[in-house]
Amino acid sequence: NRFILYVYLMVQNTDIQVQLTVLDSDGAALDPASIDDYEFYVYRMSGNDKILLATYKKSNTGLYGITYDAVGDTYTIIINRELTSITPNGKIYIETLFQLVDASFIDGVRSFSSTHNFITTLSTSASPESML
């Protein structure tokens, strides 16, 4: 399975929209009917350690929810300005976890994940205290 990310420039104190498309091995978007659950983890690296910044879940609503667009087959999250204002500058990554309905696996779902998917480099704001 492959992931395609659509990301914009990321600067502290801004809301950043991240769009993710999940493709099967043939390059087609995963059938939503085959997806049981999914979660996204946004993190940065500190040496060899992943520092979790935010967790987005299918079951969440609001600030840490995931919006699915059936027309574009995309998953969208918002990395909010309160989070970016306290995150040190540097590279930001996303890890994804999907569970597909598959009776031959434990509990009838097959899990797969992808990690170390680069989102963007967070730049320091010229006005780090400004939250408008």
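In this chain, residues are counted from 1 in sequence order.
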Engineer: Do Y41 and I94 pass the side-chain contact (heavy atoms from CB on, under 4.5 Å) test, and can you show the C-alpha distance, the side-chain angles, and the key distance before you say yes or no?
Structural biologist: CA-CA 6 Å; Y41 306 97; I94 192 168; 6.0 Å; no
Engineer: Hey, could you give me the OG/CD distance between S34 and Q99, rounded to the nearest 0.5 Å?
Structural biologist: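 Between S34 OG and Q99 CD, I get 12.0 Å after rounding to 0.5 Å.
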Engineer: Once you round to the nearest 0.5 Å, how far does CG of N80 lie from CD1 of I77?
Structural biologist: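 It is 10.5 Å, given to the nearest 0.5 Å.
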Engineer: Quick one: do I78 and I66 end up in the same hydrophobic cluster if we chain Ile, Leu, Val, Met, Phe, Trp and Tyr together by side-chain heavy atoms under 4.5 Å apart?
Structural biologist: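 No, it is not one cluster - the side chains of I78 and I66 are not joined through contacts under 4.5 Å.
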Engineer: Side-chain donor-acceptor pair under 3.5 Å between D73 and Y68, yes or no?
Structural biologist: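 Note: D73 and Y68 side chains meet the donor-acceptor criterion.
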Engineer: Give a yes-or-no answer on whether the side chains of S123 and N89 include a donor-acceptor pair shorter than 3.5 Å.
Structural biologist: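 Distance-only check fails for S123 and N89.
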Engineer: When rounded to the nearest 0.5 angstrom, what distance separates CZ in F112 from CG in L97?
Structural biologist: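 F112 atom CZ to L97 atom CG measures 8.5 Å (nearest 0.5 Å).
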Engineer: How about L20 and T96: do any of their side-chain heavy atoms sit closer than 4.5 Å?
Structural biologist: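 Counting from C-beta outward, L20 and T96 do come under 4.5 Å.
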Engineer: According to side-chain contact (heavy atoms from CB on, under 4.5 Å), who are the partners of S46, at least two apart in sequence or on a separate chain?
Structural biologist: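 Scan of S46 (side-chain contact (heavy atoms from CB on, under 4.5 Å), adjacent residues dropped) gives R44, I51.
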Engineer: Quick one: pull up CD1 in I92 and CG in L53 and give me the separation to the nearest 0.5 Å.
Structural biologist: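 With rounding to 0.5 Å, CD1 (I92) is 5.0 Å from CG (L53).
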Engineer: Determine whether T67 and D69 satisfy the following criterion, side-chain contact (heavy atoms from CB on, under 4.5 Å), listing intermediate values before the conclusion.
Structural biologist: CA-CA 7 Å; T67 304; D69 174 14; 5.8 Å; no
Engineer: Do the non-hydrogen side-chain atoms of I79 and V42 ever get within less than 4.5 Å of each other?
Structural biologist: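 A side-chain contact exists here, since the closest heavy-atom pair is under 4.5 Å.
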Engineer: Suppose we call two aromatic rings close when their centres sit under 6.0 Å apart. Are Y64 and F40 close by that rule?
Structural biologist: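 They do not qualify: ring centres at least 6.0 Å apart.
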Engineer: I need the minimum non-hydrogen distance between Q12 and S125, along with the two atoms involved.
Structural biologist: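 Looking at all heavy atoms of both residues, the shortest contact is OE1-N, 3.0 Å.
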Engineer: Go through the structure and list residues passing ring-ring contact (aromatic ring centres under 6.0 Å, His included) with Y43, not counting sequence neighbours.
Structural biologist: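 ring-ring contact (aromatic ring centres under 6.0 Å, His included) check on Y43 returns Y93.
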Engineer: On a heavy-atom basis, which atom in G65 and which in Y56 lie closest, and how many Å separate them?
Structural biologist: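 Closest pair (atom of G65, atom of Y56, distance): O-CD2, 3.7 Å.
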Engineer: Tell me every residue that passes side-chain contact (heavy atoms from CB on, under 4.5 Å) with K57, counting only those two or more places apart in sequence or in another chain.
Structural biologist: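 E39, T55, S59, N60.
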Engineer: If you measure from OG on S113 to CZ on F98, what distance do you get to the nearest 0.5 Å?
Structural biologist: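 The OG atom of S113 sits 11.0 Å away from the CZ atom of F98.
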Engineer: Restricting to non-hydrogen atoms, name the atom on K91 and the atom on T121 that form the minimum distance, rounded to 0.1 Å.
Structural biologist: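 Of all heavy-atom pairs spanning K91 and T121, the closest is CG-OG1, 3.8 Å.
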Engineer: Applying salt bridge (Lys or Arg N to Asp or Glu O under 4.0 Å), can you list everything that pairs with K50, at least two apart in sequence or on another chain?
Structural biologist: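 By the salt bridge (Lys or Arg N to Asp or Glu O under 4.0 Å) rule, K50 matches E95.
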Engineer: Identify the two heavy atoms, one from Y38 and one from I35, that lie closest to each other, and give their separation to 0.1 Å.
Structural biologist: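 Closest approach of Y38 to I35, heavy atoms only: CD2-CG2, 3.6 Å.
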Engineer: List in chain and number order the residues that pass salt bridge (Lys or Arg N to Asp or Glu O under 4.0 Å) with D15, two or more places apart in sequence or in another chain; answer none if no residue qualifies.
Structural biologist: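 Salt bridge (Lys or Arg N to Asp or Glu O under 4.0 Å) list for D15, sorted by chain: R81.
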Engineer: What is the distance from atom OH of Y75 to atom CG of L30, rounded to the nearest 0.5 Å?
Structural biologist: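 Output value for this atom pair is 6.0 Å.
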Engineer: Show the nearest heavy-atom pair for residues I16 and V11, with the distance to one decimal.
Structural biologist: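 I16 and V11 have their closest heavy atoms at CD1-N, 4.3 Å.
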Engineer: Using a 3.5 Å cut-off and no angle test, enumerate the donor-acceptor pairs between side-chain atoms of residues 100-109 and protein atoms at least two apart in sequence or in another chain.
Structural biologist:
residue : atom : partner : partner atom : Å
D102    : OD1  : S104    : N            : 3.1
D102    : OD1  : S104    : OG           : 2.7

